Q: 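Sharing a structure, written as structure tokens. Questions coming.
First the proteins, then the strands, lettered A, B, ... as listed; each starts at 1. What you see is a predicted model; the values in this text were computed from it and never measured.
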There are 2 protein chains.
Amino acid sequence: MPTPERTSREAIVAVGRELLEAEGLAGLTMQAVADRVGVKAPSLYKRVRNRDELVRLITEATIDDLGEELRKAAAGPTDAPSLVAALALAFRAFAHRFPAGFHLIFAPGPVGTRPSYDAIVASSLPLLEVAGALAGPERALDAARTLTAWANGFISMELAGAFNLGGDVDEAFAFGIRTLTTALQAREVAQAVG
Amino acid sequence: MPTPERTSREAIVAVGRELLEAEGLAGLTMQAVADRVGVKAPSLYKRVRNRDELVRLITEATIDDLGEELRKAAAGPTDAPSLVAALALAFRAFAHRFPAGFHLIFAPGPVGTRPSYDAIVASSLPLLEVAGALAGPERALDAARTLTAWANGFISMELAGAFNLGGDVDEAFAFGIRTLTTALQAREVAQAVG
DNA sequence: ACCTGAACACCGTTCAAGT
DNA sequence: ACCTGAACACCGTTCAAGT
């Protein structure tokens with residue numbers, strides 16, 4: 001005799017994300033997710049293989065959201081420098097909204113928890129485009145990597161409290177945007193050195 | 001009647017670091033540490049308050065090692081651009097040697113696991129100095145933050161496998177060094193924009 | 001003064017038995 | 001076909017009892 005479904009994979013992932021942000025990764029227990037979703041813990045295993053897979057699904061959902069946010073931010077400006085700034089600010093705002101989920105994107109961890117490569121690539125497409133517009137097509141990949149590396153590192157350090165001492169953090173972020181935009185635009189200069 | 005000490009805090013932290021690198025954070029169990037150190041798990045609580053403190057001690061030991069490595073790398077070159085490159089390469093080499101420990105430095109986590117702010121500041125002194133030499137004293141902090149943010153982000157992404165697609169990663173890292181060195185040196189240019 | 005066995009709470013996961 | 005109680009292995013941690 002069939003039993004009505006009392007939850008769904010989507011609900012489990014959504015609740016998992018809330019729990020992750022509220023209680024941290026250690027607070028993301030199968031028991032806690034089950035409680036909030038209205039079933040007993042063993043029932044979760046009908047929807048996800050195990051906790052590692054749940055972590056991966058949460059990470060991928062976060063990546064998808066981030067990609068959406070970046071695509072929206074890229075809709076406004078038309079010149080490359082404004083686009084870079086808009087994307088960087090959207091990136092940072094998103095990380096502040098979902099710090100724990102954001103961290104999982106590039107965190108090491110058991111293999112089963114790591115997001116698919118495709119998800120990461122898809123979400124970073126807007127950035128690859130603007131990098132091409134800024135630094136030229138054959139420098140696009142290097143420029144995009146430099147930009148994301150900087151933004152990602154800045155935000156990781158900020159969230160870890162490494163910028164607590166001295167100075168306006170918003171201004172420091174703006175300084176980085178200016179510095180990198182200028183540098184990646186000035187292709188002759190960058191190539192003359194090294 | 002006193003009992004001879006069968007281990008030490010130093011041995012526990014050293015074994016903990018090995019275990020962390022070999023098995024990941026999830027493999028760093030009190031049981032596994034106790035086995036390798038030659039005592040039973042409850043004895044560890046005579047040396048560390050709990051597992052969170054052990055994680056913190058491991059992180060701080062890693063930070064100290066990193067600072068040492070950076071100080072050694074800074075001993076050679078005399079001109080600012082060569083110094084930046086030497087520090088960046090040493091930073092990356094260290095991260096490749098201790099990826100799990102490196103990640104803990106800026107990872108979120110239970111409060112008890114986070115390293116002291118002093119440890120982070122002390123280890124980044126060499127970088128603050130070269131940033132000053134490169135960008136001028138009043139831009140030193142911003143420049144140092146931009147450099148560490150980029151290097152840290154680059155390495156996080158690299159270790160997370162986000163650079164698997166396309167291109168020579170070593171060359172991409174060198175590209176970033178060149179780009180940032182040039183940009184932080186060219187103070188007029190950076191200030192003219194934005 | 002440090003060490004250990006025993007015990008407790010908690011967690012991930014499996015599975016037989018329910019509907 | 002999904003749900004649950006019971007059970008198992010494992011983990012962090014405490015503590016009384018040893019030496």
Q: Measure CG/B:Leu28 against P/D:dT13 and give the value in whole Å, please.
A: 11 Å
Q: Tell me the interatomic distance from A:Gln31, atom CD, to C:dA9, atom P, rounded to whole angstroms.
A: 15 Å
Q: Out of D:dT13, D:dC2, C:dC2, which has the shortest distance to the side chain of B:Met30?
A: D:dT13
Q: Checking A:Phe173 now: which residues fulfil ring-ring contact (aromatic ring centres under 6.0 Å, His included) with it, not counting sequence neighbours?
A: A:Trp150, A:Phe154
Q: Can you measure A:Asp52 atom CG to C:dG12 atom C1' for me and round it to whole angstrom units?
A: 10 Å
Q: Rounded to whole Å, please give me the gap between CZ in B:Arg6 and P in C:dA1.
A: 17 Å
Q: With pairs taken as Watson-Crick or G-U wobble and both distances under 3.5 angstrom, which stems of at least three consecutive pairs involve DNA chain D?
A: C:4-8 with D:12-16, C:12-16 with D:4-8
Q: Charged N to carboxylate O below 4.0 Å: is that the case for B:Glu69 and B:Arg97?
A: yes
Q: Just how far, in rounded Å, is C1' of D:dC10 from CD of B:Glu23?
A: 15 Å
Q: Ignoring the backbone of A:Ala41, work out which of C:dT13, C:dC11, D:dG12 is nearest its side chain.
A: C:dT13
Q: Looking only at heavy atoms, which two atoms of A:Thr59 and A:Thr113 are closest? And how far apart?
A: OG1-O, 4.2 Å
Q: Looking at B:Glu158 and B:Arg92, does any basic side-chain N land under 4.0 Å from a carboxylate oxygen?
A: yes
Q: Looking at the side chain of B:Val39, which of C:dT13, C:dT4, D:dC3 is the nearest nucleotide?
A: C:dT4
Q: Please tell me which of A:Ala26 and A:Pro42 maps to the more 5' nucleotide of DNA chain C, matching each residue to the nucleotide holding its nearest heavy atom.
A: A:Ala26
Q: Is it true that B:Arg17 and B:Glu21 have a side-chain N and a carboxylate O under 4.0 angstrom from each other?
A: no
Q: Base of D:dC2, side chain of A:Thr3 - is there a donor-acceptor contact under 3.5 Å?
A: yes
Q: Is it true that a side-chain atom of B:Glu23 and a backbone atom of B:Leu19 form a donor plus acceptor pair closer than 3.5 Å?
A: no
Q: Are any of the side-chain nitrogens in B:Glu60 or B:Arg114 under 4.0 Å away from the carboxylate oxygens of its partner?
A: no
Q: What residues from residues 43-51 of chain A pass a heavy-atom cutoff of under 4.0 Å to DNA chain C?
A: A:Tyr45, A:Asn50, A:Arg51
Q: Please report the distance, rounded to the nearest Å, between CG in A:Leu25 and C1' in C:dC11.
A: 13 Å
Q: Quickly work out the A:Lys40 NZ to D:dA7 P distance and round it to whole Å.
A: 16 Å
Q: Could you go through the side chain to side chain contact (heavy atoms under 4.5 Å, CB included) check for B:Ile58 and B:Leu54 one step at a time?
A: CA-CA 6 Å; B:Ile58 289 171; B:Leu54 177 55; 4.0 Å; yes
Q: Above 12 or not: heavy atoms from other molecules or residues under 6.0 Å from CZ of B:Arg71?
A: yes
